[in-house]
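Right, one structure below, let's go through it.
Order of the sequence lines fixes the chain letters, A, B, ..., with proteins taken first and strands second; residue numbering starts at 1 for each chain. Everything numeric here is computed off the predicted structure, so don't read it as measured data.
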2 protein chains.
Amino acid sequence: MAKATIADIAREAGVSVTTVSRFINGNFGKMRPETRQRIEQTVARLDYRPSASARRMRQQRTHVVGVIVGDISNVFSSLLFKGIYTQLQPAGYDVMLMNSNNSVDEERDEISRLLSQEVDGLIIQPDCKRFSAYSPIVSATIPLVMVDREPDDQPGDIAKVTVDNHGSCRALAGLLAEHGYENVVALSNIRSEISAQMPRLEGLRAGCDEHGMLMIPVEANGHDTQWLTQELRALTGRLAGRTALVSLMGPMLFDTLEALRELGLRFPEDVGVVSFDDWRWSQYVRQGIHLLEQDPQRMGQEAAANLLEQMNADADPYAFAKQTTLPVAEIPAPSI
Amino acid sequence: MAKATIADIAREAGVSVTTVSRFINGNFGKMRPETRQRIEQTVARLDYRPSASARRMRQQRTHVVGVIVGDISNVFSSLLFKGIYTQLQPAGYDVMLMNSNNSVDEERDEISRLLSQEVDGLIIQPDCKRFSAYSPIVSATIPLVMVDREPDDQPGDIAKVTVDNHGSCRALAGLLAEHGYENVVALSNIRSEISAQMPRLEGLRAGCDEHGMLMIPVEANGHDTQWLTQELRALTGRLAGRTALVSLMGPMLFDTLEALRELGLRFPEDVGVVSFDDWRWSQYVRQGIHLLEQDPQRMGQEAAANLLEQMNADADPYAFAKQTTLPVAEIPAPSI
DNA sequence: TTGTAGGCGTTATCAT
DNA sequence: ATGATAACGCCTACAA
């Protein structure tokens, strides 16, 4: 037997489709209890489920939200998604998840697919530095929240949830200066046009300037760990004064530790080590590592909460757009 | 201006909707180049995108696949999803992701939602030990692949992708015996009705029996790390002969290491340590930990590949269901 | 309190 | 090579 439709239920229960429709939508107001019961039983008997396709066609809403992340295998992304899902599911929204692989091209395609899907809202960890890549979304007046990264020319009325990348890194420089460090090696691995690591680099730079420390950026993208090892060997061998390594993203810390092990360098004795981390996995490494921690799940929740407000708006959703900057937590450990 | 429809394009381009539809679907076979061009320009000018809602209504396919995982914040799940997405996206399918929180109730609700969405296929990391929880899917003849875990009474014609949990653990016991261990403490943390840890426990049990080793299961669910520390203190203090700790899931290893640190126990000197791990993060802990490693991304790929075959089937999709058991890799390290 | 009928945007069938 | 038209399943204004 083919999938039951609202007409089947109506026929079997001996009522009209209108009445069944009212039942489906919990509109029991004007319905005799016996009618209601009869429909209830028929629905159960035929295992009827209303067709979402037909509903979204008829209504102007899909109750689907699209989410695009840079790399779902990164813990940041999965925690972000969890936060989003936790908010959206109870609100009656289903979520389509897409992985852009940090590629502008894939992202463009995915936005297009999501627009075709007529999603009610969009949460994006953006890849593209030009906001024009996202203007089709705005043209269609679809609620939108940007997360983690920020296109250069993003309009002020587009929502975003970021953390205080610049400020936290600037403050970190101060701390390192207090600890007597004179050199700061900033280890980044930037794989997309824009990255949260960029404001972190700037913040570190600003802080180092303020405290008269030498700041050396090392960009690892495209290189292997062997290269990093060489690089660190050269640097640590040549720098006068104490040096701190700052890993500007969680996974980068892996490679850094690998390199340190190969070089036989210990921390904090030989070098200081600090890292951004979304997950605190590194607490199990030796005595633990001084961390700058963001809370991706919270970011997801905030983003979804604001998206819901936009989606509930009667008129212009962007009037409800909020720009949120969350704090970065400092988790001290004796690695500096 | 409201969203453009196929009728708008037809009117603007001075052709019929049929022709536009043909254009949209790449059916250029019988179409004058000039007609094609005219439509092409109009589509671009009005930024027209076909409505997925209308298409899925008209056709009998949504080109959407549903995925339910136990806990997306677990690395296993995110890698699994990545594998699935990598296969499905190029094949033209969008993916709805749901997180069951390892809860049978949430899972039931999510299956219901996905059926309402009329997804073309379903990949589930199942929570429920009775397969009857999934029979609505089978009743609707929707392609289905189970991953990682296995309901007790799953029919032979339902696809699944698992790893050799039992065999790998049985073999591990042999290896531990060779290394001179006499006691094996199996650390599990089972949060759902069914878990891949169950066959692992059984395999370990079988292997220990074969080699005359003592096997002691420790189930940590519902307890904190403090409890685990106590438990391990008691055990290690009381057992004669060398003892190996086997963590049966990645995250469990975290707690185990924490406990060992608190107890001041070192490995492999004081106890041996082995763990399942989906990600090899633990290689950065001391000299590394002997691992049993599965490849969740590969599991996702296999699952999606079989799902595609089922979805391409003309008649009974379950005729194409495959049951796959992937190997568990052994990554040796001096922790035993 | 319940029923009838039109239309949401698309594709498939049948013309021309 | 192109068009007209009838569905797909549901909701809702309007009737009864």
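- The distance between atom CG of B:N27 and atom P of C:dA12, rounded to the nearest whole Å, is 9 Å.
- The separation between B:R11 atom CZ and D:dT2 atom P is 20 Å, rounded to whole Å.
- Taking only side-chain nitrogens and oxygens, B:R55 comes nearer than 4.0 Å to OP1 or OP2 of C:dT11.
- The separation between B:R22 atom CZ and C:dT10 atom P is 16 Å, rounded to whole Å.
- At the phosphate of C:dT2, OP1 or OP2 sits under 4.0 Å from a side-chain N or O atom of A:R32.
- Nucleic acid contact class of A:S21 (heavy atoms, under 4.0 Å, all strands): base.
- When distances run from any side-chain atom of B:T19 to the nucleotides C:dG9, D:dG3, D:dA1, the shortest one goes to D:dG3.
- Ion pairing between B:R130 and B:D152 fails under the 4.0 Å rule for side-chain N and carboxylate O.
- Of the charged side-chain nitrogens involved, at least one lies within less than 4.0 Å of a carboxylate oxygen, so that B:R45 and B:E12 count as a salt-bridged pair.
- Between B:A54 and B:V15, the one whose closest nucleotide on DNA chain D sits nearer the 5' end is B:V15.
- Between the P atom of D:dG9 and the CG atom of A:D8 lies a distance of 9 Å, rounded to the nearest Å.
- Side-chain proximity of A:I6 to the nucleotides D:dC10, C:dT2, C:dG9 is greatest for D:dC10.
- Applying the side chain to side chain donor-acceptor pair (under 3.5 Å) test between B:Y134 and each of B:E107, B:R108, B:Q154 identifies B:E107 as the sole match.
- In this structure, B:Y48 reaches the sugar-phosphate backbone alone: every heavy-atom distance under 4.0 Å involves primed, P, OP1 or OP2 atoms, never a base.
- Distance, B:I9 CD1 to D:dG3 C1': 17 Å, rounded to whole Å.
- OP1 and OP2 of D:dG9 both lie 4.0 Å or more from every side-chain N or O belonging to A:T5.
- Taking the C1' atoms of five terminal pairs at each end of the helix from C:dT1-D:dA16 to C:dT16-D:dA1, the two resulting helix axes are inclined by 40°, rounded to 10°.
- Going from atom NE2 of A:H63 over to atom P of D:dC10 covers 16 Å, rounded to whole Å.
- Nucleic acid contact for B:F23: none, since no nucleic acid atom lies under 4.0 Å from a heavy atom of the residue.
- Contacts of B:M31 with the nucleic acid, taken as non-hydrogen atoms under 4.0 Å apart, involve only primed sugar atoms and P, OP1 or OP2.
- Here the straight-line distance linking atom CG of A:D109 with atom CE of A:M98 works out to 8.0 Å at 0.5 Å rounding.
- At a cut-off of 3.5 angstrom, counting only N and O atoms as typed in the model, there is no donor on one side facing an acceptor on the other between the side-chain of B:T18 and the base of C:dT11.
- Screening A:Q59, A:R55, A:R56 against B:S53 for a side chain to side chain donor-acceptor pair (under 3.5 Å) leaves a single residue, A:R56.
- Within the 4.0 angstrom heavy-atom criterion, no nucleotide atom of any strand lies near A:S53.
- No more than 12 heavy atoms of other residues, nucleotides or ligands lie within 6.0 Å of NZ in B:K129, so this atom counts as exposed by the packing criterion.
- Here B:F23 contributes atom CZ and B:T35 contributes atom OG1; the two are 11.0 Å apart, rounded to the nearest 0.5 Å.
- Regarding A:R38, its CZ atom lies at a distance of 13 Å from the C1' atom of C:dT1, rounded to whole Å.
- The nucleotide whose nearest atom lies closest to any side-chain atom of A:S16 is, among C:dG3, D:dG9, D:dG3, C:dG3.
- To the nearest angstrom, P of D:dA7 lies 18 Å from CD of B:Q59.
- Donor-acceptor pairing under 3.5 Å, judged by distance alone, is absent between the side chain of B:R58 and the base of C:dA12.
- Within the 4.5 Å cutoff, no side-chain heavy atoms of A:D148 are placed close to those of A:T162.
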